[in-house]
Amino acid sequence: MSTNNSETITLNDADVEKNAQAPALPKAEEGSPGDSPADMHLVKLEPEDDPKCLRLWHKWLAVLTISSSSLCATFASSVASFTETGLARDLHTSHEVTILSISLYVLGLGIGPLFVGPLSELYGRNIIYRTSYVLFFAFTWPTAFPPDIAVFLVFRFITGLCGAAFLSVAGGSVSDLFDNAHVATPMAVYTISPFIGPVVGPLISGFIVQNTDWRWCYRVLLIWQFVQIVLLFTCVPETYVPVILKRKARRLRKTTGDEKYYAPLEHQEHSLFRMILFSCYTPFKLLLFDRMALSLDVWSALLLGILYLAFQAFPIIFEDVHGFNVQSTGLAFLGIGFGMIAGLSTQPYFNGLFRREAIKHNGHPPPEVRLIIGQFGGVLAPIGLFIMAFTTYKHVHWIGPIIGSIPFGAGVYYIYTAVFTYLVTAYRPIAASAMASNSAMRSTFAAVFPLFAGAMYHRLGTVGATALLAGLTTLMAPLPFIFYRIGAKLRAKSRFAAQ
């Protein structure tokens with residue numbers, strides 16, 4: 001990624017961002033190795049070391065492993081959706097407290113990247129993958145065999161943090177494996193996987209809870225986690241180039257006995273504390289001082305909040321109104337999943353559109369081009385919710401709300417694709433912080449919305465409550481159209497955005 005700073009950034013801000021975005025600060029010692037461009041002991045990336053030169057099947061195997069691991073991490077958030085009744089009965093607590101099993105996990109997913117994200121820039125992707133997933137697996141055991149509700153909830157939060165550690169670096173591996181001309185499709189596959197996870201969760205947990213003990217939801221999760229750990233250790237190579245070069249230099253020093261071989265990462269001063277501090281405060285600084293980033297983050301957060309609110313709303317709509325059993329209610333989430341996959345299937349069309357826009361702008365299209373796909377999502381999401389709202393009457397066939405959830409699912413995919421790619425390109429100097437602010441905002445909404453879902457649906461009814469959510473998404477729908485037109489002007493005034 002380019003690291004050119006915006007002209008409107010002050011000198012101090014630019015210095016902080018430059019130093020924190022890089023893994024480390026270069027040493028300025030006189031006579032240090034690497035002063036001469038012709039230094040023969042500087043380790044360089046050869047084709048056999050380059051992750052982009054791996055065989056295509058190996059790259060796709062790594063992408064699918066990373067994507068399925070991401071899916072598993074978010075599946076764990078919603079697998080709790082149908083365990084609440086059994087949890088309240090066996091651990092002697094109220095239904096309202098059991099909802100925290102979703103909220104605390106999602107909260108952990110949101111704040112984890114703030115602390116763990118910088119670690120991959122020093123130690124590589126694989127060690128983060130493997131360590132986080134082993135801890136994810138280990139800390140899930142107390143949730144599968146909980147002695148009381150306090151232990152259960154504490155470890156739900158901790159497993160959320162461990163899952164976040166994986167998610168915070170997974171996207172980087174996909175971009176490491178493919179060049180810019182071919183990264184769009186694998187990145188789309190990875191992007192959709194964390195959002196398919198919450199849809200798959202209630203589908204599987206509904207069948208389990210209907211036919212056996214609720215604890216088997218977490219035992220199935222343990223089995224899946226173990227399989228993913230094996231795949232992560234065997235199928236995903238290290239992809240972060242600075243760490244690959246560091247390992248190569250260490251290997252050359254050992255095999256040749258020449259201690260002069262070095263990698264660029266080894267001759268940089270590391271300030272992990274400063275990097276983590278920057279990673280924690282810059283996302284909130286961005287939300288406070290950049291209205292465009294705040295608006296897009298609230299928009300995407302609202303959608304994820306609605307998606308997690310559905311875990312409480314669907315049982316009311318389909319069980320209370322239409323008389324479904326638990327496993328049939330879980331199947332009702334297939335509409336949202338089908339909509340997301342339908343949105344993904346249109347990605348080649350939008351890839352072609354972006355290529356044409358790039359040609360039109362001499363290979364350097366403005367970031368606002370990425371909002372075109374969000375315009376489709378901005379229209380589809382409220383349409384889907386309005387269809388759901390006015391088909392939840394008891395005398396209307398149950399297929400109505402499921403049909404309405406299809407355009408909502410497609411809209412979610414389009415909106416997230418637009419917001420994610422726009423934040424990364426428009427705020428390129430601090431792209432990691434822009435994504436972290438979005439993650440924190442989304443997870444906050446996703447954690448809070450399920451807590452008031454039951455009260456809202458019982459007070460307003462299924463039609464009124466769903467129509468209220470549709471109205472909120474309608475208010476946000478003009479955002480991609482507005483920013484498509486005036487985004488360049490807003491970026492020119494921003495202290496964070498790229499020009």
Side-chain angles (χ1 to χ4, degrees), residues 1 51-52 54 56-75 125 166-200 235-236 239 296 299-300 303-304 307 334 336-358 365 367-381 384 406-426 428 431-432 434-435 438-439 442 480:
M1 287 187 180
K52 289 184 173 63
L54 291 172
L56 185 62
W57 69 264
H58 194 176
K59 290 195 283 189
W60 269 104
L61 179 61
V63 168
L64 292 176
T65 300
I66 292 167
S67 299
S68 60
S69 300
S70 300
L71 193 153
C72 179
T74 54
F75 162 86
R125 319 282 193 206
F166 175 85
L167 294 174
S168 65
V169 299
S173 284
V174 179
S175 60
D176 291 341
L177 288 166
F178 293 86
D179 56 37
N180 291 338
H182 301 95
V183 75
T185 300
M187 187 60 79
V189 171
Y190 165 72
T191 299
I192 198 173
S193 60
F195 299 103
I196 290 290
V199 175
V200 176
C235 300
V236 182
T239 62
L296 292 173
W299 188 30
S300 58
L303 286 170
L304 195 66
L307 183 60
L334 281 173
I336 298 176
F338 181 79
M340 290 181 177
I341 294 172
L344 175 63
S345 68
T346 64
Q347 188 65 42
Y349 166 77
F350 289 103
N351 291 345
L353 187 151
F354 295 143
R355 281 195 294 269
R356 292 192 294 272
E357 289 292 329
E368 286 70 33
V369 168
R370 298 292 178 178
L371 293 175
I372 294 174
I373 191 172
Q375 295 172 359
F376 288 86
V379 173
L380 284 173
I406 294 174
F408 173 72
V412 168
Y413 171 77
Y414 288 146
I415 290 168
Y416 280 126
T417 301
V419 171
F420 289 175
T421 53
Y422 184 77
L423 288 176
V424 169
T425 53
R428 194 173 291 274
M435 290 303 297
N438 184 273
S439 176
R442 280 187 290 115

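Nothing here was measured: the structure is a model prediction, and the numbers come from that model. Position 1 is the first residue of the sequence; numbering continues from there.
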**Student:** Give, for atom CG of Leu304 and atom CD1 of Ile415, the distance between the pair rounded to the nearest 0.5 Å.
**Tutor:** 12.0 Å

**Student:** What heavy-atom pair brings Leu307 and Pro198 nearest, and what distance separates the two atoms?
**Tutor:** CD2-CB, 4.3 Å

**Student:** I'd like to check Glu368 versus Tyr422 (side-chain heavy atoms, cut-off strictly below 4.5 Å). Are they in contact?
**Tutor:** yes

**Student:** Would you please test Leu54 and Trp60 for side-chain contact (heavy atoms from CB on, under 4.5 Å) and show each step?
**Tutor:** CA-CA 10 Å; Leu54 291 172; Trp60 269 104; over 6 Å; no

**Student:** Hey, could you give me each pair passing side chain to side chain donor-acceptor pair (under 3.5 Å) that has a residue in residues 186-200? Not counting sequence neighbours.
**Tutor:** none

**Student:** Do you know the tightest heavy-atom contact between Ile192 and Met340?
**Tutor:** CD1-O, 3.2 Å

**Student:** Determine the sole option in Leu177, Thr65, Leu61 for which the side-chain contact (heavy atoms from CB on, under 4.5 Å) test with Val236 is passed.
**Tutor:** Thr65

**Student:** Using the side-chain contact (heavy atoms from CB on, under 4.5 Å) definition, which of the options Thr421, Val424, Val419, Thr417 pairs with Arg370?
**Tutor:** Thr421

**Student:** For the residue pair Gln347 and Tyr413, what are the closest heavy atoms and their distance?
**Tutor:** OE1-OH, 2.6 Å

**Student:** Can you give me the closest heavy-atom contact between Ile66 and Ser173, atom names plus distance?
**Tutor:** CD1-CB, 3.6 Å

**Student:** Nearest 0.5 Å please: distance from the CZ atom of Phe195 over to the CD1 atom of Ile336.
**Tutor:** 13.0 Å

**Student:** Looking at CZ of Phe420 and CG of Asn438, how far apart are the two atoms once the value is rounded to the nearest 0.5 Å?
**Tutor:** 5.0 Å

**Student:** Would you say the side-chain atoms of Ser68 pair up with the backbone N or O of Leu64, donor to acceptor, closer than 3.5 Å?
**Tutor:** yes

**Student:** Spell out, as yes or no, whether a donor-acceptor pair under 3.5 Å connects the side chain of Ser345 to the backbone of Ala342.
**Tutor:** yes

**Student:** Could you grab the distance from atom CG of Leu296 to atom CG of Leu371, nearest 0.5 Å is fine?
**Tutor:** 6.5 Å

**Student:** Looking at every non-hydrogen atom in both residues, tell me the closest pair between Trp299 and Gly378 and how far apart they are.
**Tutor:** CZ2-CA, 3.8 Å

**Student:** Got Ile341 and Ile196 here, is their nearest side-chain heavy-atom distance under 4.5 Å?
**Tutor:** yes

**Student:** Among residues at least two apart in sequence or on other chains, which ones pass side chain to side chain donor-acceptor pair (under 3.5 Å) with Tyr416?
**Tutor:** none

**Student:** Write down the atom of Val63, the atom of Pro186, and the distance for their closest heavy-atom approach.
**Tutor:** CG1-O, 4.0 Å

**Student:** If you draw a 6.0 Å radius around CZ in Phe354, do more than 12 non-hydrogen atoms from other residues or ligands fall strictly inside?
**Tutor:** yes

**Student:** So, do Leu303 and Phe408 sit near enough that their side-chain heavy atoms are less than 4.5 Å apart?
**Tutor:** yes

